[in-house]
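Report on the following structure.
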Amino acid sequence: MKPTPNAKATRLLRTTAQRIVAVLRRKVLFRYRLVLITLVALAVGVGVGAVWGPSGWFPPSSTILTVLAGGLLLKRKSLAFLLAVVAAVLVFVAYMLDFGQVGPGLLVTIGVTAVLSYLLSGVRERLGVQGLSGEMMLLDLRDRLRQQGRLPEAPAGWGRTAVLRQAGGSSFGGDFVVSDRDGDRLDIAVVDVSGKGVDAGTRALLLSGAFSGLIGAVPTKDFLSHCNDYLMRTGGGEGFVTAVHLSVDLSTGDYSIASAGHPPAVHYDAGAGSWAATEAKGVVLGVIPEMTYTSVRGRLRPGDAIMLYTDGLIETPGEDLDAGIDRLLGAAETLVTRGFSTGAEKMVDLLSADKNDDCALVVLWRD
């Protein structure tokens with residue numbers, strides 16, 4: 001017996017409905033079905049309340065909250081479904097009441113919010129996180145970077161401090177510090193990635209981990225060479241990096257400094273009562289393969305100090321770099337009178353005023 005046309009139509013409708021439900025379950029409701037159902041219920045509840053509920057308790061504009069929540073918590077396909085529901089709710093409210101309840105201003109506001117939420121959801125989907133997980137990851141990265149920049153404990157008779165400031169008050173920037181202490185050997189490197197602020201922050205996050213692993217794992221004299229080799233393999237033409245590496249024997253005060261295109265470290269001689277720039281020089285990292293870097297040597301006697309810094313403290317557009325170094329040396333005199341530990345912050349405040357650049361300052365001294 002052949003099926004009737006009505007039976008064929010019914011079967012076709014049932015099959016189509018099953019496929020639609022399957023697609024919704026698989027594509028839309030799979031992982032975020034509970035959140036989506038909740039937001040859809042809220043949006044529908046606003047529409048029902050606006051029509052039949054107490055006057056003024058369910059304004060149609062409150063659907064904006066569901067759109068914002070969807071941008072934070074849903075993937076794009078789920079968010080698109082929610083936006084369609086919100087649009088249907090607004091049309092329903094306008095039809096049941098009057099179009100004055102859903103005016104052009106509200107429609108434009110919800111439309112702009114929907115676009116921003118959709119873009120926000122797309123970024124989070126690319127990251128593979130929803131909700132506030134992305135922000136928590138960034139906070140964790142920031143805390144790890146700050147922890148990595150802390151200098152090791154110094155033995156009796158020694159002091160150290162580090163100050164890092166990022167452009168625009170950002171938590172991420174292109175300047176960072178890595179260090180390692182193995183017995184009486186202390187190694188400190190101050191690194192400046194080309195660029196500033198968040199633009200350089202992603203490279204700084206990557207390089208800080210790599211350089212931190214190298215500084216305690218390779219011979220002191222080869223540290224900058226290994227950093228250069230790493231950048232040549234992985235840099236991909238993203239820009240250069242400058243660095244200065246200080247290695248100190250804490251038992252004798254003997255030190256060596258190597259530089260890769262970095263501003264010169266300065267040494268305070270307590271006997272002479274003056275600061276002087278060191279002569280360490282070298283090519284920036286990530287430009288020429290198989291570079292070697294020559295160190296200069298010196299000694300920190302009781303009362304002496306050595307200072308490492310980045311160009312954010314000395315560089316001013318249109319001004320010669322030597323003038324910036326002279327200004328730094330003048331400001332460094334206040335470190336002696338105020339004390340190295342307390343004066344470093346004030347010195348950075350003074351030299352970085354009215355500048356929008358990342359900057360770092362490290363001071364190591366012998367009591």
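Here the structure is a predicted model, which is why all the values come from computation and not from measurement. Starting from 1, each residue takes its place in the sequence as its number.
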Compare all side-chain heavy atoms of Leu207 with those of Val241 and state whether any distance is below 4.5 angstrom. yes

With a 4.5 Å cut-off on side-chain heavy atoms, are Val348 and Cys359 touching? yes

Would you give the length of the straight line joining atom CG of Asn228 to atom CD1 of Ile288, rounded to the nearest 0.5 angstrom? 8.0 Å

Check whether any side-chain N or O of Ser225 sits under 3.5 Å from a backbone N or O of Met291 as a donor-acceptor pair, and report yes or no. yes

Val284 and Val287 have their tightest heavy-atom pair at CG2-CG2, 3.4 Å

Verify the cluster assignment for Leu65 and Leu36: are they in a single hydrophobic cluster under the rule of side-chain heavy atoms below 4.5 Å apart? no

Mind listing the closest non-hydrogen atom pair of Leu231 and Gly286 along with its distance? CB-CA, 3.8 Å

For residues Leu39 and Leu119: do they belong to one hydrophobic cluster (side chain heavy atoms under 4.5 Å, members Ile, Leu, Val, Met, Phe, Trp, Tyr)? no

Output yes when a side-chain donor or acceptor of Thr278 lies under 3.5 Å from a complementary backbone atom of Ala265, and no otherwise. yes

Quick one: closest heavy-atom pair of Ala360 and Leu313, and the distance? O-CD1, 3.7 Å

Test side chain to side chain contact (heavy atoms under 4.5 Å, CB included) applied to Leu328 and Met307, step by step: CA-CA 10 Å; Leu328 173 83; Met307 183 165 58; 4.2 Å; yes

Trp275 (side chain) donor-acceptor with Ala332 (main chain) under 3.5 angstrom: yes

Among Leu42, Val40, Val46, find the residue that satisfies the side chain to side chain contact (heavy atoms under 4.5 Å, CB included) test when tested with Val44. Val40

Any donor-acceptor pair under 3.5 Å linking the side chain of Arg181 with the backbone of Gly183? yes

Which heavy-atom pair separates Ala277 from Val266 by the least distance, and what is that distance? CA-CG1, 3.9 Å

In sequence, state the C-alpha distance, the side-chain angles, and the governing distance for Arg327 and Thr316, and then conclude on side chain to side chain contact (heavy atoms under 4.5 Å, CB included). CA-CA 11 Å; Arg327 187 166 53 252; Thr316 300; 3.2 Å; yes

Show your reasoning for whether side-chain hydrogen bond (donor to acceptor under 3.5 Å, both in side chains) applies to Arg185 and Thr220. CA-CA 10 Å; Arg185 173 64 57 182; Thr220 296; 5.1 Å; no

Working to the nearest 0.5 angstrom, can you tell me the gap between Leu214 CG and Asp180 CG? 11.5 Å

Please assess Ile257 against Ile306 for the test side chain to side chain contact (heavy atoms under 4.5 Å, CB included), listing each intermediate value before the final yes or no. CA-CA 10 Å; Ile257 294 180; Ile306 195 161; 3.2 Å; yes

Is the side chain of Arg160 donor-acceptor paired with the backbone N or O of Pro152 at a distance under 3.5 Å, no angle test? yes

Can any side-chain N or O of Tyr309 pair as donor or acceptor with the backbone N or O of Pro264 at less than 3.5 Å? yes

Please step through side chain to side chain contact (heavy atoms under 4.5 Å, CB included) for the pair His262 and Thr310, ending with a clear verdict. CA-CA 7 Å; His262 206 80; Thr310 56; 3.9 Å; yes

Partners passing ring-ring contact (aromatic ring centres under 6.0 Å, His included) against Tyr293 (at least two apart in sequence or in another chain): none

Rounded to the nearest 0.5 angstrom, the CD1-CD1 distance for Ile314 and Ile325 is 4.5 Å

Identify, with sequence neighbours excluded, every residue that meets ring-ring contact (aromatic ring centres under 6.0 Å, His included) alongside Trp52. Phe92

Looking only at heavy atoms, which two atoms of Thr252 and Arg366 are closest? And how far apart? O-NH1, 3.3 Å

What's the spacing between Arg203 CZ and Ser208 OG if we round to 0.5 Å? 12.0 Å

Going through the checks in order, is the salt bridge (charged side-chain N to carboxylate O under 4.0 Å, His left out) test met by Asp175 and Arg165? CA-CA 8 Å; Asp175 295 356; Arg165 300 280 176 80; over 6 Å; no

Rounded to the nearest 0.5 Å, how far apart are OG of Ser179 and NE2 of His245? 10.0 Å

Could you state whether Val218 and Leu285 fall into the same hydrophobic cluster, counting links through intermediate Ile, Leu, Val, Met, Phe, Trp or Tyr residues with side-chain heavy atoms under 4.5 angstrom apart? yes

I need the minimum non-hydrogen distance between Val89 and Gly47, along with the two atoms involved. CG1-CA, 3.6 Å

Can you tell me how the ring of Phe211 sits relative to the ring of Phe223, calling it parallel under 30°, perpendicular over 60° and tilted otherwise? perpendicular

Not counting sequence neighbours, which residues clear side chain to side chain donor-acceptor pair (under 3.5 Å) with Asp304? List them please. His267

I'd like to know if the side chain of Ser247 and the backbone of Ser256 have a donor-acceptor N/O pair within less than 3.5 Å. no

Hydrophobic cluster membership, Leu329 vs Leu361, 4.5 Å side-chain cutoff: yes

With a 4.5 Å limit on heavy-atom distance, are the side chains of Leu350 and Lys346 in contact? no

Distance, nearest 0.5 Å, that separates CG of Asp187 from CG of Leu151: 12.0 Å

Would you say Val296 and Ile188 are hydrophobically clustered, going by side-chain heavy atoms of ILVMFWY under 4.5 Å? yes

4.5 Å side-chain heavy-atom contact, Tyr255 and Leu246: yes

